[in-house]
Amino acid sequence: MALRNIIKNGDERLRKKARAVTDFNERLWTLLDDMYETMQDGDGVGLAATQVGILRRAVVIDIGEGLIEFINPVITESSGDQYGSEGCMSVPGEYGMVHRPQKVVVQAQDRHGKPFELTAEDYLAVAVCHETDHLDGVLFIDKTDHMLTPEELGE
Ligand code: GNR
Ligand code: NI
């Protein structure tokens with residue numbers, strides 16, 4: 001396993017739409033392992049392949065309930081609304097308030113290509129939406145209605 005470099009806001013690759021994963025091979029598994037290590041090293045709760053410069057539709061999420069890998073994720077249902085602060089490892093040191101669905105249903109494949117469906121609520125739903133946005137070149141700073149000042153962060 002190895003740490004990968006996280007690309008930062010301003011790098012045009014963050015704005016590209018990632019392509020579907022088609023090959024569920026050793027190369028994908030190494031990427032996923034490296035993404036998990038890189039996410040943990042940075043105390044993140046999720047990471048999209050785009051953030052390590054790989055424009056493929058792969059995401060890892062661990063909000064403290066264990067690792068979930070999503071290959072080619074698609075949100076098929078969303079409902080409700082929640083409003084909370086978000087940060088991003090590609091936008092270091094900046095935080096903003098974002099509206100997200102309270103609940104999403106996501107269809108994806110695992111690292112072997114096996115399809116699964118997951119219902120995510122609350123913070124897990126936020127993470128799923130934040131990461132699937134990355135795969136479409138979207139950052140939380142595009143969706144925030146209110147960036148947080150250092151004073152607000154300290155409160
Ligand atoms: O580590 C992260 N924290 C976070 C907090 C609130 C909402 C979303 C996130 S995701 C972020 C890691 C990251 O940049 N993933 O793409
Ligand atoms: Ni992010």
Side-chain angles (χ1 to χ4, degrees), residues 1-21 28 30-75 78-111 118-155:
M1 295 223 283
L3 294 178
R4 304 237 182 165
N5 184 49
I6 296 182
I7 62 178
K8 302 302 189 310
N9 188 26
D11 188 314
E12 73 229 8
R13 290 172 290 176
L14 283 175
R15 296 312 195 165
K16 300 223 153 111
K17 186 173 160 74
R19 299 160 70 204
V21 171
L28 173 68
T30 300
L31 171 65
L32 291 167
D33 292 345
D34 289 354
M35 284 169 58
Y36 185 56
E37 191 179 349
T38 303
M39 178 190 85
Q40 289 203 306
D41 181 69
D43 287 322
V45 299
L47 196 70
T50 297
Q51 292 177 276
V52 295
I54 306 291
L55 294 175
R56 290 285 177 174
R57 304 187 79 81
V59 159
V60 295
I61 292 176
D62 187 348
I63 61 163
E65 299 173 353
L67 170 65
I68 315 174
E69 297 174 338
F70 299 87
I71 313 301
N72 302 324
V74 179
I75 293 172
S78 16
S79 58
D81 179 82
Q82 56 181 321
Y83 184 59
S85 65
E86 293 194 20
C88 180
M89 296 174 81
S90 296
V91 191
E94 298 195 55
Y95 301 87
M97 299 297 294
V98 183
H99 284 277
R100 297 289 192 183
Q102 193 275 328
K103 178 173 161 179
V104 296
V105 177
V106 54
Q107 292 185 351
Q109 289 163 278
D110 71 11
R111 63 163 59 204
L118 180 91
T119 299
E121 297 184 73
D122 305 321
Y123 194 47
L124 184 57
V126 173
V128 166
C129 293
H130 179 110
E131 302 312 335
T132 55
D133 272 354
H134 273 299
L135 302 180
D136 293 325
V138 174
L139 300 175
F140 83 91
I141 52 176
D142 307 333
K143 295 194 161 176
T144 183
D145 60 11
H146 171 198
M147 290 299 286
L148 296 175
T149 64
E151 289 75 23
E152 288 172 303
L153 278 171
E155 279 169 12

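Values below: all heavy atoms of this structure, side chains included; hydrogens, waters and symmetry mates excluded. Since the model is a prediction, treat every value here as computed from it, not as a measurement. Just follow the structure's listing: the first ligand is 1, and inside any ligand the first atom is 1.
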What are the protein N, O or S atoms, given as residue plus atom name, that sit under 2.8 Å from the Ni ion (ligand 2)? Cys88 SG, His130 NE2, His134 NE2
Which atoms of ligand 1 sit under 4.0 Å from any heavy atom of Cys88? 14 (O)
Please round to the nearest 0.5 Å and tell me the distance separating atom CD of Gln82 and atom CD of Glu121. 9.5 Å
When you measure from the side chain of Ser90 to the backbone N and O of Ile7, does any donor-acceptor pair fall under 3.5 Å? yes
Is ligand 1 under 4.0 Å from a heavy atom in the side chain of Ser85, in the backbone, in both, or in neither? backbone
Do any N/O atoms on Val45 end up under 3.5 angstrom from N/O atoms on ligand 1? yes
Considering non-hydrogen atoms of the protein only, which is the closest contact for atom 8 (C) of ligand 1, and what is the distance? His130 ND1, 3.5 Å
Within the 4.0 Å heavy-atom shell around Gly46, which atoms of ligand 1 are there? 12 (C), 13 (C), 15 (N), 16 (O)
Rounded to the nearest 0.5 Å, how far does NZ of Lys143 lie from CG of Asp145? 12.5 Å
Among Glu131, Gln51, Glu86, closest by heavy atom to atom 7 (C) of ligand 1 is Glu86
For ligand 1, indicate whether the residue Tyr95 contacts it via side chain, backbone, both or neither (heavy-atom separation under 4.0 Å). neither
Val45, Asp34, Ile6, Leu47 screened by side chain to side chain contact (heavy atoms under 4.5 Å, CB included) with Met39, the one that passes: Leu47
Show me which atoms of ligand 1 lie under 4.0 Å from any heavy atom of His134. 16 (O)
Would Arg100 and Glu86 pass as an ion pair if we require N to O under 4.0 Å? yes
Closer than 4.0 angstrom, basic N to acidic O: yes or no for Asp33 and Arg4? no
Identified salt bridge (charged side-chain N to carboxylate O under 4.0 Å, His left out) counterpart of Asp11 within the set Lys8, Arg13, Arg15: Arg13
Any donor-acceptor pair under 3.5 Å linking the side chain of Arg56 with the backbone of Ala20? yes
Identify the closest protein heavy atom to atom 14 (O) of ligand 1: which residue and atom is it, and at what distance? Met89 N, 2.8 Å
Testing the 3.5 Å rule here: is there a donor-acceptor pair between the side chains of Asp81 and Gln102? no
At a 4.0 Å cut-off, with the gap strictly under it, does some heavy atom of Tyr123 reach an atom of ligand 1? yes
Roughly how far, to the nearest 0.5 Å, is CD1 of Ile61 from NE2 of His130? 9.5 Å
Those residues at least two apart in sequence (or on a different chain) that pass side-chain contact (heavy atoms from CB on, under 4.5 Å) with Asp110 are His112, Lys114, Phe116
Nearest-option assignment for atom 11 (C) of ligand 1, heavy atoms, candidates Ser90, Gly44, Gly87: Gly87
